[in-house]
Number of protein chains: 2
Amino acid sequence: MSALVTILDDEPAIREMLSDALAEAGFRTMSFGRATEFEAALRRTTPDVCLVDLGLPDRDGLTLVHRLALEQGATVIIISGRAQVQDRVTGLELGADDYIIKPFDPAEVVARIRARLRGRTRSAPSDTARFNGWTAHFDRYALEDETGTETTFSHAEGEVLRLFLESPKRLITRAHMQESLGGAAGESFDRAMDVRISRLRTKLREDPKTPRLIKTIYGAGYIFLGDVSWS
Amino acid sequence: MSALVTILDDEPAIREMLSDALAEAGFRTMSFGRATEFEAALRRTTPDVCLVDLGLPDRDGLTLVHRLALEQGATVIIISGRAQVQDRVTGLELGADDYIIKPFDPAEVVARIRARLRGRTRSAPSDTARFNGWTAHFDRYALEDETGTETTFSHAEGEVLRLFLESPKRLITRAHMQESLGGAAGESFDRAMDVRISRLRTKLREDPKTPRLIKTIYGAGYIFLGDVSWS
DNA sequence: GGCGGCCTGTAGGAATTCGTTACATTTGGG
DNA sequence: CCCAAATGTAACGAATTCCTACAGGCCGCC
C-alpha cells in the first residue's frame, strides 16, 4: 500500500503542483486549504507524512505543527516562505521533521518525503517486544507475563497488538487501523475491530473502567500507552 | 547518554565551527578530515549521526554516503557546497537523511540533528503539566491530585484544559476558544463550551462561587490562573 | 464423513461521551 | 431595583464504543 501524504496550503496552485508531483511519484495524496478541514480529516485517517504551509489564514501554523508532531507523533514537513534561519530552527524544534523553503522544486519535496519514509522502517524487523512487564513473542504467538506465564494469542489479535506496539503513544485512527489490518472496505467492519480490541484487552487483563495500556479516544481511535522496546 | 555525532569535512575551520556548536548543544563529537580516518573510526564505534561533506579529496562522497546509509544503516546528513536541486535529490535518494547547503548556520545544523534523533523513537514524548498541586498527564488523559489520586478526563475536556495550560494568566476569548476547539459551524456551540468548562471545573473541584483556577470574564471569555510548568 | 474445538466476524443491547435543550443564576446597565 | 444579556448546570438524546452471545468457517481427529 502506498504512503498517504497530506498537503495543507492555502494557495491552490501550490496544492495542485504538489499533488501532481506526489501522485506521479506513487503516493496517495489529500489536499486541504484550511487547517479546520485538515483537522477534520485527521479524525478519520492517519497520514504517513504531513506537508504544512506556515502561512495559513485560519490558524497559527506553528501551533498546528507542534500539536501534530508532539501530541500526535506525526511526521511533519514544513513548507514555508519564511527563509530566516531562526524560522527554520524554531520550526524544527517544535517537532517538524524537515523544513523546505519556498520556492521549491517538487523533485526535492519528493526526495525528502522518501527520506522520511525510509528512516522509519530501517530498524531490523524483530518479533519480540517488551512493554510494561509483558513480553510479546510474535514468532510463536505467545504473550508472556511478568511471572513468566504464557498465554497464546491468535493471528487477528497479533495484528492489532503489532500495530499498537509499532506506534506507541500515538493516536491510531480507526481508518488507519482498518487499512492496516487488510480490512476490506466493510461498512460495519468497525464492530469487528471493536471485538478484536476487546479480546486483546482481556488478554492484557485490562480493567474495562480504567484501561492502562489501550486507551480509547472517543470519535477518533485508540492510543497505546506503555514503553515498548523491540528485540 | 548524549548522542555521538561525527564530522567529516576537509576544511579545518568548518570542522572546528561544527564541533564547537555541537559540543555546546550537548553532543559528543568526533572530527575527521579524510574518509579513510573516518572509516577506521567506524570500526570501533557507531555514531548516532554522521555529518558528511561531499567535496572530499580522497574519496567520492556520494559512494561513502550510500554505503553508510543503506548498507550500514547509519543516519547521514550531507553538508555540501553543491546547491543544485539535482545534487540534493541524488544525495537524498542515495540514502542521506538530510542535505544542508553551505554556507550554513550552526544553529540550523543542531536543529536538524535533533530532528533526526527525535524521529528515531516513534513514540511521542510524554507531555505533562504541573499547576497548583495538580498534574495533568495528557498522554494518558489523567489528572493527578496532590495526594497522587488520579482521575481521567475525556478528550474534549483535555482540549479545553490544554488550551488553558498553554496560555495561563491570559484572556482567552470565546471566539478564540471556539476556533481552537474545532467547533466551526455551530452557532450555539457556545453552550457546548460552557458545558465543557463546567465539567472541567468539576474535575478540578472548583467552588462555583469562588473559582480559583478558571475565572470567568463576563462578556469576554476566561482566564486560567495558576502557575504552569510543562515537562 | 461426522464430530468437536478454535478462530473470527455479526448482532444487539448496555455503557460512555458529548452536544443540545431548558431552565436557573449571575452580571452590568439604566 | 429591574431587565436583558451572558453564563452555569442538570437532564436529555444522538452518536459512538464496549461486551456478551451466537453463527459460520476451518482444521484435526476418530
Side-chain angles (χ1 to χ4, degrees), chain A residues 40 43-44 140-143 151-161 163 171-178 181-224, chain B residues 141-143 151-164 171-175 177-178 180-224:
Chain A
R43 296 173 75 82
R44 285 176 280 103
R140 55 192 148 106
Y141 291 84
L143 194 56
T151 327
T152 61
F153 54 82
S154 70
H155 179 68
E157 287 159 356
E159 279 186 320
V160 180
L161 181 58
L163 193 60
L171 176 69
I172 297 175
T173 63
R174 299 179 80 89
H176 184 255
M177 186 177 288
Q178 184 160 330
L181 302 189
E187 71 299 337
S188 72
F189 186 71
D190 291 2
R191 297 279 75 75
M193 276 180 356
D194 290 348
V195 177
R196 284 193 186 192
I197 288 167
S198 172
R199 297 204 242 255
L200 186 57
R201 281 210 251 234
T202 308
K203 298 230 160 144
L204 289 170
R205 307 201 200 108
E206 291 269 270
D207 179 11
K209 294 291 187 181
T210 60
R212 294 157 155 263
L213 289 172
I214 303 176
K215 183 98 188 160
T216 304
I217 311 300
Y218 181 90
Y222 298 91
I223 184 167
F224 184 83
Chain B
Y141 292 82
L143 195 54
T151 326
T152 62
F153 53 82
S154 71
H155 183 65
E157 287 160 357
E159 281 186 318
V160 180
L161 181 58
R162 178 183 289 277
L163 193 60
F164 280 137
L171 175 68
I172 297 174
T173 64
R174 298 179 78 89
M177 185 177 288
Q178 184 158 335
S180 286
L181 302 189
E187 77 300 332
S188 73
F189 186 72
D190 291 4
R191 297 275 73 79
M193 279 181 352
D194 290 346
V195 175
R196 283 193 187 193
I197 288 168
S198 170
R199 297 205 242 252
L200 185 57
R201 283 210 252 235
T202 307
K203 298 231 159 140
L204 288 170
R205 307 202 200 105
E206 291 268 271
D207 180 10
K209 297 292 185 184
T210 60
R212 298 155 148 252
L213 290 171
I214 302 176
K215 180 156 180 145
T216 305
I217 309 299
Y218 185 89
Y222 298 91
I223 287 185
F224 185 83

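Heavy-atom basis, side chains included; hydrogens, waters and symmetry copies ignored. Note that the coordinates shown come from a computational prediction; the quantities given were computed from them, not determined experimentally. Letters go in sequence order (proteins before strands), and every chain restarts at 1.
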A:Thr216 side-chain N/O to D:dT16 phosphate OP1/OP2 under 4.0 Å
no
Does B:Tyr222 have a side-chain nitrogen or oxygen under 4.0 Å from the phosphate oxygens OP1 or OP2 of D:dG8?
yes
Over how many whole Å does the gap from A:Lys215 atom NZ to C:dT16 atom P extend?
13 Å
Under 3.5 Å donor-acceptor, B:Gln178 side chain and B:Asp190 backbone
no
Are the side chain of A:Lys203 and the backbone N or O of A:Thr152 linked by a donor-acceptor pair below 3.5 Å?
yes
Indicate, with a heavy-atom threshold strictly under 4.0 Å, whether B:Arg199 touches base, sugar-phosphate, or nothing.
base
CD1 of B:Ile197 versus C1' of C:dT20: gap in Å, rounded?
16 Å
B:Glu157 side-chain N/O to B:Arg199 backbone N/O, donor-acceptor pair under 3.5 Å
no
Once you apply a heavy-atom cut-off of 4.0 Å, does B:Phe153 come out as touching a base, just sugar-phosphate, or nothing?
nothing
Please give, in whole Å, the distance from C:dA11 C1' to A:Arg191 CZ?
10 Å
B:His155 NE2 - D:dT16 C1' separation (whole Å):
14 Å
Separation of D:dA15 P from A:Arg174 CZ (nearest whole Å):
16 Å
To the nearest angstrom, how far is B:Ile214 atom CD1 from D:dT7 atom P?
15 Å
Distance, rounded to the nearest Å, where B:Asp190 contributes CG and C:dC18 contributes P:
19 Å
How many whole angstroms separate atom CD of A:Glu206 from atom C1' of D:dC19?
15 Å
Quick note, B:Val195 side chain, CB onward, closest among C:dG9, C:dT27, C:dT21 is C:dT21
Distance alone, cut at 3.5 Å: any donor-acceptor contact between the side chains of B:Arg201 and B:Thr216?
yes
